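Worksheet: one structure, shown below.
Please read all numbers here as calculations on a predicted model, not as lab measurements. A note on names: the letters A, B, ... follow the listed sequences, proteins ahead of strands, and every chain is numbered from 1.
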Amino acid sequence: MKEYNHKTIEKKWQSEWEKNKIYFASSKSKKSKFYGLIEFPYPSGDGLHVGHPRPYIGMDIISRKKRMEGYNVLYPMGWDAFGLPTENYAIKTGIQPKIVTKKNTDTFRRQTKSLGVSFDWSREINTTDPSYYKWTQWIFLQFFKKGLAYKAKSEINWCPKDKIGLANEEVVDGKCERCGAETIKKEKEQWMLAITKYADRLDKDLDLVDYPERVKLSQRNWIGKSEGSEIEFKVKNFNEKIKVFTTRADTLFGVTYVVLAPEHELVQKLKSQISNWSEVEKYINTVKNKSDLERAENKEKTGVELKGVLAINPANDEGVPVWIADYVLPHYGTGAVMAVPAHDERDFLFSKKYNLPIKRVVEPIFIQTEGDGAVRENLPFIKRNAICAIVRNPKTDKYLCTSWKNYHMHGLVTGGVEKGEDPIETALREIYEETGYKNVKLVKDPKFALHSQFYHRVKKENRWARFQYFFFELIDEEQDTISDKESALHEVVWKTKDEIKTFFTVIEGQFTHNFINNPNYIYTGDGLLHNSLKFDDLESGETRKEITEFVGGKIVTKFKLRDWVFSRQRYWGEPIPVINCEKCGLVPVPDKNLPVKLPEVKSYKPTDTGESPLAGISKWVNIKCPKCGGKAKRETDTMPNWAGSSWYYLRYTDVKNKKEFASKANLKYWLGNKAQGGGVDWYNGGMEHTTLHLLYSRFWHKFLYDLKLVPTVEPYKKRTSHGMILGEGGVKMSKSLGNVVNPDEIVKIYGADTLRVYEMFIGPFEEAAVWNTDSIIGARRFIEKVWRIGEKVLKQKNSFGVTLPGVLGGTHTAANSSIPKLLNKTIKKVSEDIEAMRFNTAISAMMILATEMEKSNNVDVNDFKKFLKILAPFAPHVTQDIWSSLKEKKDINISEWPKYDEKLIKDEEIKIVVQVNGKVRAEMMIEVDVDDEKVKNLAKNDISVLKFIGDKEIKKIIYVKNRLVNIVV
RNA sequence: GCCCGAGUGGCGGAACUGGUAUACGCGCACGACUUAAAAUCGUGUCUCGCAAGGGAUGUGGGUUCGAUUCCCACCUCGGGCACCA
């Protein structure tokens, strides 16, 4: 018997595949195409760790299956090689990034190839290759020519110690990633890309793509679309207006002050009006100098009133004070807000700190829809002003409650306000009438009310009560007897705060309980308006538009998304291909001069002034203007490393094209011809890229679509994500923790096929999984088992000698073998599981099949071959090796995916379970699809079932077709 | 603080649309083969109980004939966002 030797097998077939180009994707084919994509890696100096290949293998399995299903498959690979680690390495060692990159990509390529991933290596790309970044620069210039790439002063993160600008991702907890110094904000001219121009489409078009919901959600949150209103407040006795943005125009009548961002331009214009200018100026300066860390640590809101300035609320012409505060951001909305402390958490905190008034204008509403207190549909509502008294006994710390005798109704003391009566009087009167307590004092009027709609069971009418809430305390426990009328209705009970929680049965009970716990509660939800003139009693959500129009405001949409800071003062990135001419201003580098290649420099360190090291090469920087021939300088900023990855999937379709970034024909073939519903068929990547890379590349793609350079509105039709592989201990694999597992070792000891199977078996593909080297042996045993079955089948074949005519393989097993049935079920399961990326359960099913095949003493060769085929995407080397020993000429990896036989999958006899009161008591075999009544009869007469029924009466028998019978007694 | 995701044996995990909870794998125990070991194969392996039977899917409630699955509240862990009006 031949031993399984993964080393020779894997080497042999990998070189066969390379020689025969079996994974080569032709762009000219009549077959339907499938474009599968994984995120190309950044080739770090550490080489691959076992986490890297998880997505490669997952998509490889899908690609291999698609190939076997007859698709023309494009599954490419490349390197996203611009980036900081390489540059930092260059700074430290002086070795050229180009050379380091070459070395690293060689390692990554060798390692990836050793896993037998079916990439089409003829399409390999590298973002640092001038023939690639020529087109990155070219696309940038299209942005520039359309005015979407522009220079602007922008705040950047600045490390005062290293004297360099840092990208957001280089700032960790407000500190410089490299030296640990606190970063500060510094204004600098930066290149920007106007992604905000596409914000709405980036949000809306998520409806067109097949992404996981959570990916769509986090993109939507990141884009942060919100519909609201812009409303203008006049400044009293001054010819300026304050424009605020709000999503809650309905709360306009509750505005008690207005806040501007300290950076707001109006602040300077109002200088002459402000009586405390020196204080204001001082505050503006403190905010300006605040570092990110200080801002993050100190969440307490601060601000200064602009004394002498009053804003006029357009809704009621009331004058309200104007403040500046750093909780208002200059970049969002209009940089100014109307503060409604009663209905906004932040305004509330601020108002509490500075003692600003609170005015409630939205009152919650509760509608009883269940039980006998549910509102009756056909009755009109009788409106009542009412009170709800929260009475505490300070001696016992309990609350006065009433419990109705004829209804299941528990609540507080409530009652209607009589004509001309003061609500507090009402409350005192009701407390006395309902409970007899004589000496009660008001301790707090929270100026809070809520609406409750219910059916009044005593008065037999629909009530719409507006309950005003008051807090009382007993002065003493002196109590008169309650009238017979009242005591017939309800009794008096005292409850603790905790008891109240479950005691109240009225619809607003939970809310009341929360209110008692937090009398300063502010309500941020929707409800009915109050103190809002003609809008009183209207549903707040429905008045937003009306109120906006009422004050001459505008309905607008705002986004959280900000324009993309696109320049880095770094060496190792694509030079921005723009020339700064003294006469002509910013001039794009002419197409014929692209790419602007990175020159060689002596030092890779950024300059002291914060400029990129390129600024130090005067020979490169100083140039003649391509337009006027005059004196000019090159841009020395480079692009961020998101640039190259924003369009790489397009280049894969046509890697060698020198005239275009990719030909129209190839793009049409691989992305599809229709604007909607096309793109890369399946893109798998990490969750960490959902808001940056994924959004950025969608933005670039849409821009290119508008230029009619790509055929589809979206780059990716379907997106899935893989979970990380964590090191032992459940933490991220990292060099510093020493828990990095190198795939080379695993491949050497166990083989690529074992590694592949193990990584796919480790757990659900989308979830993080903990690497455990001890468990790999299971995958290896499975492969060896398959090998042994192969040896057995070969021997079987040999002993029979010749093939019997008419029966392929010639060794047809007895009809009673269970294998064909199991095989067909397994084919079905594996086919479906691969599509859903449930690789772990697919492998589990194949393990079961393998165990059965090994046990069986006569396995049909054709059955075994089918098994090999469905296993091939997971373990391509070993399956191909066995396949070829079975005298198959064509490679298994381009053979046909097996179909399953529907008839074989159906069981004729099936086990069903009999339950009595939901507990399993017996099992029985029945024929599939037998008549319901027959099964029920069988079940209730089963001996072990009878034992449990005893002499009890059978109330109900539930039969779930072909599954179970439940007898309820 | 807010938004997502997840809590199932000693461990990784399975369970389709509400229908036998713990498939498959690792580990462990015992047995077979072997001079022996490894490898392989077989049997067992949630828990209490001699058994009959009972109890377990983070906790507490609810809906249901029946809940890992649906609803409510809470706890723990992981990830993201962080004053976005």
Using nucleotides 24-32 of chain B, report all nitrogen or oxygen pairs with the protein that are shorter than 3.5 Å.
unit_1	atom_1	unit_2	atom_2	d
B/C24	O4'	A/S844	OG	3.1
B/C26	OP1	A/R781	NH1	2.5
B/G27	OP2	A/R781	NH1	3.3

**OP:** Could you work out which one of B/U20, B/A14, B/G66 sits closest to the side chain of A/N966?
**Re:** B/G66
**OP:** Ignoring backbone atoms, establish whether A/K919 has a side-chain N or O less than 4.0 Å from OP1 or OP2 of B/G55.
**Re:** yes
**OP:** Tell me, please, which residues at least two apart from A/A315 pass side-chain contact (heavy atoms from CB on, under 4.5 Å).
**Re:** A/L252, A/F253, A/N313, A/V551
Subject >> side chain to side chain donor-acceptor pair (under 3.5 Å) contacts touching residues 834-843 of chain A (sequence neighbours left out) >> reply: A/K65-A/E835, A/D833-A/R838, A/D833-A/T841
Subject >> Mutual orientation of the aromatic rings belonging to A/Y521 and A/F511 [parallel < 30°, tilted 30-60°, perpendicular > 60°] >> reply: perpendicular
Original post:
Using atom C1' of each nucleotide, how far apart are B/U63 and B/G53 to the nearest Å?
Top reply: 28 Å
**OP:** Select one nucleotide: of B/A85, B/C65, B/C4, the one nearest the side-chain heavy atoms of A/R214.
**Re:** B/C4
**OP:** Could you give the distance separating B/G19 and B/A39 at their P atoms, to the nearest angstrom?
**Re:** 41 Å
**OP:** Output yes when A/D753 and A/R780 qualify as a salt bridge under the 4.0 Å nitrogen-oxygen rule, no when they do not.
**Re:** no
Original post:
With sequence neighbours left out, what residues match A/F765 under ring pair (Phe, Tyr, Trp, His ring centres under 6.0 Å)?
Top reply: A/F839
**OP:** Could you list by number each residue of residues 824-833 of chain A showing a heavy-atom separation from RNA chain B of less than 4.0 Å, or answer none if no residue does?
**Re:** none
**OP:** Please answer whether the main-chain N or O of A/A875 pairs with a side-chain N or O of A/R756 as donor and acceptor at a distance below 3.5 Å.
**Re:** no
Original post:
Which nucleotide sits closest to the side chain of A/I762: B/A15, B/G12, B/C65?
Top reply: B/G12
Subject >> Partners meeting side-chain contact (heavy atoms from CB on, under 4.5 Å) with A/Y283 (sequence neighbours left out) >> reply: A/P262, A/T286, A/V287, A/T302, A/V304, A/I324, A/D326
Original post:
Can you check whether A/N917 has a side-chain N or O nearer than 4.0 Å to OP1 or OP2 of B/G66?
Top reply: no
**OP:** Confirm from the modelled atom types if A/R788 and B/C41 form a donor-acceptor pair under 3.5 Å, side chain to base only.
**Re:** no
**OP:** Please determine if a side-chain N or O atom of A/Y332 lies less than 4.0 Å away from the OP1 or OP2 oxygen of B/A85.
**Re:** yes
Subject >> Donor-acceptor contact present, side-chain A/T334 to main-chain A/F245, <3.5 Å >> reply: yes
Subject >> Euclidean distance for C1', B/G7 against B/G13 (whole angstrom) >> reply: 13 Å
**OP:** Can you check whether any acceptor in the base of B/C83 is under 3.5 Å from a donor in the side chain of A/K301, or vice versa?
**Re:** yes
